[in-house]
Asks: 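Sharing a structure, written as structure tokens. Questions coming.
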Protein chains: 2
Amino acid sequence: MPTVSSEELAAAAGVNSAKLRKDFSYLGSYGTRGVGYDVEYLVYQISRELGLTQDWPVVIVGIGNLGAALANYGGFASRGFRVAALIDADPAMAGKPVAGIPVQHTDDLEKIIDENGVSIGVIATPAGAAQPVCDRLVAAGVTSILNFAPTVLSVPDGVDVRKVDLSIELQILAFHEQRKAGEEAEAQAGAAAPAERGDQGEGPDGDVPAVMPA
Amino acid sequence: MPTVSSEELAAAAGVNSAKLRKDFSYLGSYGTRGVGYDVEYLVYQISRELGLTQDWPVVIVGIGNLGAALANYGGFASRGFRVAALIDADPAMAGKPVAGIPVQHTDDLEKIIDENGVSIGVIATPAGAAQPVCDRLVAAGVTSILNFAPTVLSVPDGVDVRKVDLSIELQILAFHEQRKAGEEAEAQAGAAAPAERGDQGEGPDGDVPAVMPA
DNA sequence: ATGTCTTTGTGAACGCGTGCACAAAGATGG
DNA sequence: CCATCTTTGTGCACGCGTTCACAAAGACAT
């Protein structure tokens, strides 16, 4: 029986082994003292808790470049997601297959949601179309929405929305990039740095504002 | 002079006003007591600190559906990012314009990076091509990489990598979706829930494991 | 000028999550 | 069957970030 210790896993993941054990203990006591965790069983338990063992039918609305990229994305199937349907407002797209799945017209949205028992919807439409599409999804029974459109969606209570802004990650990189450049300049110029900001010493991330994601 | 108080902003953002003031104080003392913050000046200061006032030339490598979607994404320009070049390994793509920018061949990668002073690269290639592309970007002087390919990239110290996994957000939604369903079932069935897990009471997010992003 | 009123900026307290450290549990060997 | 060794599971303490609460600062009216 192949096993792993919390120590090995912690080293591999770069975290503290005690924290890892505490997190695992949430799943129950699946480890064996003096031995470690049964790999296969552990993987199964984590998968189950995360919902990876379930089948999640999803619909993607808005089959532009991004919608097509999502439809083709291989990572979905392995994580329990099944693209139940692709939906687009353009009649010219209807019937055309993308990633092996025929695109259907927005008119049939409600029917598609209902027939496939879809509870998760992905919006990859232009900004203007997002809210109306969202409303129709919710009305049809969708309770979780992944929004790629650059708009804040308003939904009734009980519906989860997650907004993905592709430029936020770039912004985080640029922020760190700027700090790299800034530190070099300060190291060189010394007195050139304005005192106004009140730097309170260094540390790897000491002066990163709290509003900035790590 | 249009102003906002920390209280108004906090209410709009759904956070504590004291925290907001403390975060702002990182930028210096730009507020006026009894009045609030000068909107225009505040926006400028935040933009500057976040690096939004700088011009960040970026290259996108791998012009498939996702690369094209990124190239067309409107949110970049408004945040200080300028797509300096699109690069693809397919010779048939070379010269073809995507989002008004002609695609260039991978052979010229180093020259493009150098001539445009690019320090941020976006990888939207298939998994297999990601690491080699990454190596070449780094060798050419790129110090920040945004990786959309489903691979963990290894880079030398001093280079930042951020990995975007489009299915992670879906997984988070599915996790919450599962919990919704689970709670309903428990509420109905009562004793049907296994005691093994040791639920320690309720609370909106009380039993969400720490490993799960909020 | 002086007083009142609003809102900032921040010291101090609180609470929560992380990490330490150890007892309990089980394997393994003699 | 007992001793020893390894690794888990967790109580406890520490540290950090959030929040409270208030003094200081400035606007504005009289």
Asks: In this structure, how many angstroms lie between the P atom of dT7(D) and the CG atom of Leu9(A), rounded?
Replies: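 Value for this atom pair: 12 Å.
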
Asks: Which whole-number value in Å describes the distance from Glu7(B) CD to dG9(C) C1'?
Replies: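 That distance rounds to 14 Å.
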
Asks: Does the Arg136(B) side chain pair with the main chain of Thr106(B), one donor and one acceptor, at a distance under 3.5 Å?
Replies: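 Here the side-chain-to-backbone pair exists.
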
Asks: Measure from the side-chain N and O atoms of Gln131(A) to the backbone N and O of Ser154(A), and report whether any donor-acceptor pair falls under 3.5 Å.
Replies: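 Side chain of Gln131(A) to backbone of Ser154(A), a donor-acceptor pair under 3.5 Å: yes, one is there.
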
Asks: Does a side chain donor of either Tyr44(B) or Glu40(B) reach within less than 3.5 Å of an acceptor in the other side chain?
Replies: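 No.
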
Asks: Regarding Ser6(B), tell me which of base, sugar-phosphate or nothing describes its non-hydrogen contacts under 4.0 Å with the strands shown.
Replies: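 Sugar-phosphate, no base atom in range.
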
Asks: Please report the distance, rounded to the nearest Å, between CG in Leu42(B) and C1' in dT7(C).
Replies: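 About 14 Å, once rounded to whole Å.
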
Asks: Do you know which two heavy atoms are closest between Ala130(A) and Thr151(A), and how far apart they sit?
Replies: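 Nearest heavy atoms, Ala130(A) then Thr151(A): CB-OG1, 4.2 Å.
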
Asks: Given atom OH of Tyr26(A) and atom P of dT18(C), what is their separation to the nearest angstrom?
Replies: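 Rounded to the whole Å, the gap is 15 Å.
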
Asks: Rounded to whole Å, how long is the line connecting atom CE of Met1(B) with atom P of dG26(D)?
Replies: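 Roughly 13 Å, once rounded to whole Å.
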
Asks: What's the closest nucleotide to the Tyr37(B) side chain, out of dT8(C), dT8(D), dA27(D)?
Replies: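 Of all the options, the side chain of Tyr37(B) is nearest to dT8(C).
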
Asks: Measure from NZ on Lys19(B) to P on dC16(D) and round the result to the nearest Å.
Replies: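 The distance from NZ of Lys19(B) to P of dC16(D) comes to 16 Å, rounded to the nearest Å.
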
Asks: Thr32(A) has a side chain; which of dA27(C), dA21(D), dC20(C) sits nearest to it?
Replies: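 Closest nucleotide among those given: dA27(C).
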
Asks: Let me know the distance between CG of Asp38(B) and C1' of dT8(C), rounded to the nearest Å.
Replies: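 These atoms are roughly 15 Å apart.
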
Asks: Provide, to the nearest angstrom, the distance between the CG atom belonging to Asn16(B) and the P atom belonging to dG15(C).
Replies: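 After rounding, the reported distance stands at 15 Å.
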
Asks: Which comes earlier along DNA chain C counting from the 5' end, the contact point of Val15(A) or that of Gly34(A), where each point is its nearest nucleotide?
Replies: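 Whichever sits nearer the 5' end wins; that is Val15(A).
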
Asks: Any donor-acceptor pair under 3.5 Å joining the side chain of Arg33(A) to the base of dT8(D)?
Replies: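 It does, because a donor-acceptor pair links the side chain of Arg33(A) to the base of dT8(D) below 3.5 Å.
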
Asks: Please check if the side chain of Asp160(A) supplies one atom and the backbone of Leu173(B) the other of a donor-acceptor pair under 3.5 Å.
Replies: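 No; judged by distance alone, with no hydrogens or angles, the pair does not exist.
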
Asks: Kindly say whether, by distance alone, the side chain of Lys22(A) makes a donor-acceptor pair under 3.5 Å with the base of dG19(C)?
Replies: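 Such a pair exists between side chain and base.
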
Asks: Measure from the side chain of Ala18(B), starting at C-beta and using heavy atoms only, and say which of dC20(C), dT19(D), dA27(D) lies closest.
Replies: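 Of the candidates, dT19(D) comes closest.
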
Asks: Can you tell me which nucleotide in dT10(D), dT8(D), dA27(D) comes closest to the side chain of Ser5(A)?
Replies: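 The answer is dT8(D), which lies nearest to the side chain.
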
